[in-house]
2 protein chains.
Amino acid sequence: MPNNISDIIEQYLKRILEESGLDMVEIQRSELAEQFHCVPSQINYVISTRFTIDHGYIVESKRGGGGYIRIRRVKLDREHLVLEVLRSLGDQINQATSEALLERLYRENWITRREAQMLQNMLRREVLAVDLPLRDQLRAKLLYGALQVIAAHRD
Amino acid sequence: MPNNISDIIEQYLKRILEESGLDMVEIQRSELAEQFHCVPSQINYVISTRFTIDHGYIVESKRGGGGYIRIRRVKLDREHLVLEVLRSLGDQINQATSEALLERLYRENWITRREAQMLQNMLRREVLAVDLPLRDQLRAKLLYGALQVIAAHRD
DNA sequence: TATAATATGGTCAAGAAAAGTCAAAGTCAG
DNA sequence: CTGACTTTGACTTTTCTTGACCATATTATA
């Protein structure tokens, strides 16, 4: 029951996504906006509210001549421990906690040894050289960003 | 899906580069421009945005009669990976540059596809949510941290 | 040989063609 | 009537295209 433009555009994009069989759509923002008689930024709204990584989509775009917005569907395994972790993470995490977490993910075979080392090295406080309330927030975001990719198994 | 001339020319050059087997292509600027119905300086634009050293290419050229533009693909030296990269990038790295580098590292088999995706996702400006002089510095540090582990893992 | 003409490629800045951001205003269910 | 969601549009940023002018190498000519 789509009763507003956002829902209609959402449905439209999902239908195209289905039909194209390839889990991918590429659109031009202004063109789509014209097609649905709305302002271009409405497209951004639809995308940012309905095609987020948490919904299982990855969006790339390019500006300038020949620009585009590309939406890809990725399969998120809802059973993933990783996702659980991801959600329970909170917006701050200290070094010790992140190390323990990575250790565990490695032990349980969610990430490779090298990935674990890489992440641990990147999340050290010497690397994240900012002061403390911010540092832990940054670490949380980075970890979240890394885990998103782990949780989204594609190709 | 190339939507603009620059992309088309980029693809063309990369294909020639592939096919010629020798990691080298030599063109004449005005000739190529004519072939793609664009102004000559467009070729310079394509080269300066897509065939930089960060992307793994070296470009030489000569003016005057019998002039040419030669593009060579170069590989990173296993011994000096981190140093090479560090020297060429400095202590600040913007998102576009880091993406070029990661793509190259993947292409040259230094990192897996998943590692590349993970790092790209972590280094996005939305994730590194701090203001700009600092953000690029942080990105450089993080990339350096990742590279240390890559370099250490010399199989 | 010195000089002029010709043949290339290089630089840069203006403008166009996208997409992104953000906050104010509108809508609607509870 | 309040809070969450939606719509709009002014302004920003990024990327691409074009063209006028510049620099350099080779070739023809005095």
Side-chain angles (χ1 to χ4, degrees), chain A residues 1-13 25-55 57-72, chain B residues 1-13 25-55 57-72 93-100 124-133 135-136:
Chain A
M1 306 97 232
N3 46 3
N4 56 23
I5 306 183
S6 291
D7 287 340
I8 292 171
I9 296 174
E10 174 190 6
Q11 303 281 317
Y12 172 75
L13 289 174
V25 227
E26 196 173 294
I27 59 164
Q28 296 222 265
R29 191 180 75 151
S30 51
E31 197 179 89
L32 194 63
E34 195 162 359
Q35 186 177 333
F36 288 100
H37 308 98
C38 64
V39 297
S41 58
Q42 179 102 42
I43 308 300
N44 295 86
Y45 177 71
V46 172
I47 285 174
S48 67
T49 53
R50 294 146 160 89
F51 293 89
T52 68
I53 181 69
D54 297 310
H55 288 112
Y57 299 92
I58 286 181
V59 179
E60 304 158 285
S61 67
K62 201 167 86 166
R63 309 185 188 188
Y68 58 79
I69 296 178
R70 185 163 30 210
I71 303 176
R72 290 206 322 270
Chain B
M1 289 94 233
N3 294 315
N4 55 309
I5 305 181
S6 292
D7 287 341
I8 292 171
I9 296 174
E10 174 190 6
Q11 305 237 324
Y12 171 76
L13 290 174
V25 62
E26 198 173 294
I27 60 164
Q28 296 221 268
R29 190 179 75 150
S30 52
E31 195 180 275
L32 194 63
E34 195 162 359
Q35 184 177 333
F36 288 101
H37 307 99
C38 64
V39 296
S41 59
Q42 180 102 45
I43 308 300
N44 296 86
Y45 176 70
V46 172
I47 286 174
S48 68
T49 53
R50 294 146 159 88
F51 293 90
T52 68
I53 184 63
D54 296 329
H55 288 90
Y57 299 92
I58 285 180
V59 179
E60 305 156 284
S61 66
K62 202 173 87 169
R63 308 186 188 190
Y68 58 81
I69 296 179
R70 187 185 305 154
I71 303 175
R72 279 187 298 139
I93 298 176
N94 64 34
Q95 187 172 329
T97 306
S98 70
E99 282 171 359
R124 281 166 45 225
R125 61 180 75 79
E126 293 81 15
V127 173
L128 265 40
V130 296
D131 284 333
L132 235 196
R135 186 166 73 232
D136 283 1

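Excluded from the calculations below are hydrogen atoms, water molecules and symmetry mates; all remaining heavy atoms, backbone and side chain alike, are included. Chain letters run A, B, ... following the sequence lines, proteins first and then strands; every chain starts at 1.
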Regarding [X], tell me which of base, sugar-phosphate or nothing describes its non-hydrogen contacts under 4.0 Å with the strands shown.
X	answer
B/Arg70	nothing
B/Ser41	base
B/Ile5	sugar-phosphate
B/Ile69	sugar-phosphate
B/Arg125	nothing

Taking side chain to side chain contact (heavy atoms under 4.5 Å, CB included) as the definition, give me every residue that meets it alongside A/Glu34, ordered by chain and number, with sequence neighbours left out. none
Set of side chain to side chain contact (heavy atoms under 4.5 Å, CB included) partners for A/Glu31, sequence neighbours left out: A/Gln28
Return a single string for nucleotides 24-30 of chain C, one symbol per nucleotide in 5' to 3' order, where B is base contact, S is sugar-phosphate-only contact and - is none, cutoff 4.0 angstrom on heavy atoms. -------
May I ask you to test the [X]-[Y] pair for a side-chain heavy-atom distance under 4.5 Å?
X	Y	value
A/Val25	A/Ile69	no
A/Arg29	A/Ser61	no
B/Phe51	B/Leu13	yes
A/Phe36	A/Ile8	yes
B/Ile58	B/Ile71	no

Measure from the side-chain N and O atoms of [X] to the backbone N and O of [Y], and report whether any donor-acceptor pair falls under 3.5 Å.
X	Y	answer
B/Arg70	B/Glu26	no
B/Thr49	B/Tyr45	yes
A/Thr52	A/Ser48	no

Output the residues of residues 60-68 of chain B in contact with DNA chain D, where contact means a heavy atom of the residue under 4.0 Å from an atom of the strand; sort by number or write none. B/Lys62, B/Arg63, B/Gly64, B/Gly65
Residues of residues 30-40 of chain A with a heavy atom under 4.0 Å from any atom of DNA chain D, listed by number, are A/Val39
From the 5' end of DNA chain D to its 3' end, which nucleotides mark the outer limits of contact with chain B, defined by a 4.0 Å heavy-atom distance cut-off (strictly under)? D/dT15 to D/dT26
Run the numbers on B/Thr97 and B/Asn94 for side-chain hydrogen bond (donor to acceptor under 3.5 Å, both in side chains), then give the verdict. CA-CA 5 Å; B/Thr97 306; B/Asn94 64 34; 2.7 Å; yes
Rounded to whole angstrom units, what separation is found between the CD atom of B/Glu26 and the P atom of C/dG9? 10 Å
Whole-Å distance between C/dA23 P and A/Asn44 CG? 15 Å
For B/Ile43 and B/Cys38, which heavy atoms make the closest approach, and how far apart are they? CD1-SG, 4.4 Å
Indicate yes or no: does B/Asp7 engage A/Lys62 in a salt bridge with an N to O separation below 4.0 Å. yes
